[in-house]
Amino acid sequence: MRAFLALLRRDLVLAARIGGSGGLGLVFFLMIVAVIPFALGPDLNLLSRIGPAILWIAALLSTLVGLDRLFQADEEDGSLDLLRLSGTPLEILVLAKATAHWLTTGLPLAVASPLFGLLLALEPAAMATSLVSLLVGTPALSFLGAIGAALTASLRRGGLILAILVLPFAIPVLIFGVAASDPAAEARAQALLFLGALTLIAGVVGTLAAAAALRSRE
Amino acid sequence: MTRLTVSDLACRRAGRLVLRGVGFSLEAGDALVVTGRNGAGKSTLLALLAGVLRPDAGTIAFEAPGEATLPESVHWLAAKDGLKAQLTARENLLFASACLGGGLSADAALARVGLAAGADLPTAYLSSGQRRRLTLARLLASRRPVWLLDEPTNALDSQGQALLADLLREHRADGGIVVAATHLPLALPEARELALGPAATAERDA
């Protein structure tokens, strides 16, 4: 437990320091959301209809950016070996790192999404539902990403492989995330429940799989 | 009684037999100096003892008071030093002692290795000798009985080497075990020596 908290705090501090990954995802998110209205043209109805989908695509892509450093940075400087000697199960350490990753990428994205929704001409109701669906769904992206990050921890240019590995597993999250963001949809509540289930499953499977991947690395 | 017994250890990396037939037995207060040319398997042996690599043959047995396993009882001062450049020296030590267990307070450990003035500097600003001193402080900030040291004198000035010799002597007097891989003479009185010969490395697996 002590190692869990220490690792969580260390990763949050590292993300906040200069050269950390703290603002990266948020800026990438802003770029995608800001560029799309220019590309689509002045059709506000179209924009507000596809707005939640754009928010979700942007959230997915900006989670993938920088994810390759999740374990690679620790692998390169030897912190991962130090962590392995701590006697704390690797699953706990993966849980701490994935949680820190979500707190520094998914959570800020979700919280900032109503603001970005303004750029996409979202109705207030759609802003609220998008916010909730992002809050519920983005942890799944961090945990699924942790599997890919652990598998590519010792690859120098693992980012591309990681994205290809993770993307298919993230598709269900995207589908239910967008479905849960549409305030007019009848099945919104069900989609949100499915999204929550996906997050819980990803939390368990992602933690176990990433720890196994780290263990099997030579 | 702390006892580390290794018998007939062999390890293959990337299809190449790096270590073969390595065996030794160390008790509290003992030190082992592992020598050998570059690529002879010195670091591999330390990684095996740290439990990060698995041996292909042979056994590593560790007895200690309590139930601590070997990986939970070692300090591994490896080539990759495990320090985060963005964290200050003190933060690095606090993190290490949260992970590896308690010992001297971070400030006391830093003072012992002569880094008290640099406690609040980001590690990125430290010289390589100061980084090495910081890893020595880590040995003190969490108490663990077995020290695995990979070229511990690297980047250390003569004062730093004297400091290292002091730390090693105190650790052994305290009932600790030291395994050091080095190609430079170390101030380790009455240490046993294990020369990893080229025979093991020249051997290729068919």
Side-chain angles (χ1 to χ4, degrees), chain A residues 1-24 66 69-97 100-101 104 150 153-156 211-218, chain B residues 11-15 18 43-44 46-54 56 66-88 90-102 106 122-125 131 135 138-139 141-142 144 146-148 150:
Chain A
M1 194 61 201
R2 199 158 164 243
F4 175 86
L5 290 176
L7 184 58
L8 184 65
R9 193 167 62 228
R10 188 203 69 170
D11 272 17
L12 294 180
V13 168
L14 282 177
R17 291 269 159 90
I18 294 170
S21 59
L24 183 70
R69 299 296 295 165
L70 184 62
F71 294 111
Q72 200 184 52
D74 284 341
E75 149 75 21
E76 276 170 9
D77 65 16
S79 318
L80 204 55
D81 292 328
L82 193 129
L83 289 170
R84 290 181 74 171
L85 295 182
S86 71
T88 314
L90 267 177
E91 284 80 4
I92 302 285
L93 302 172
V94 168
L95 193 64
K97 286 201 71 81
H101 181 261
T104 52
S154 43
L155 299 181
R156 284 293 158 265
L214 287 178
R215 219 173 264 130
S216 68
R217 149 199 93 91
E218 208 220 38
Chain B
C11 182
R12 186 173 292 147
R13 294 186 85 173
V18 180
S43 302
T44 301
L46 295 190
L48 285 168
L49 292 176
V52 171
L53 290 181
R54 303 224 170 283
D56 288 302
E67 292 179 350
T69 62
L70 185 57
E72 287 165 16
S73 309
V74 300
H75 260 302
W76 186 23
L77 208 162
K80 296 190 278 189
D81 57 16
L83 299 171
K84 285 283 175 199
Q86 300 99 316
L87 297 181
T88 67
R90 185 188 288 117
E91 285 169 336
N92 266 311
L93 276 191
L94 289 175
F95 176 67
S97 59
C99 283
L100 302 177
T123 308
Y125 295 165
R131 282 179 81 104
T135 58
R138 198 165 62 201
L139 299 175
S142 31
R144 289 189 156 201
V146 182
W147 288 4
L148 307 175
D150 199 345

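A note on names: the letters A, B, ... follow the listed sequences, proteins ahead of strands, and every chain is numbered from 1. Keep in mind that the numbers below use all heavy atoms, side chains included, and drop hydrogens, waters and symmetry copies. None of the values given here were measured: they were computed from a predicted structure.
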Audit row: E75(A), K80(B), salt bridge (charged side-chain N to carboxylate O under 4.0 Å, His left out) steps and yes/no: CA-CA 9 Å; E75(A) 149 75 21; K80(B) 296 190 278 189; 3.6 Å; yes
Chain B contact via L7(A) - side chain, backbone, both or neither, heavy atoms under 4.5 Å: both
For chain B, the option from E76(A), R9(A), R2(A) that forms the most heavy-atom pairs under 4.5 Å: R2(A)
Validation row: R138(B), L82(A) side chains within 4.5 angstrom (heavy atoms): yes
Most chain B-contacting option - heavy-atom pairs closer than 4.5 Å, from V13(A), L5(A), D74(A): D74(A)
Distance, nearest 0.5 Å, that separates CH2 of W76(B) from CG of D81(A): 4.5 Å
4.5 Å side-chain heavy-atom contact, T88(A) and C99(B): no
Approximate separation, where rounding is to 0.5 Å, of R17(A) CZ and K84(B) NZ: 12.5 Å
Atom pair CZ/CG of F95(B) and L83(A) - distance to nearest 0.5 Å: 4.5 Å
Heavy-atom contact with chain A under 4.5 Å, split by part of R144(B): side chain
Which atoms of A50(B) approach chain A - backbone, side chain, both or neither, heavy atom under 4.5 Å: both
Close side-chain approach of H75(B) and L85(A), heavy atoms under 4.5 Å: no
L83(B), part contacting chain A, at a heavy-atom distance under 4.5 Å: backbone
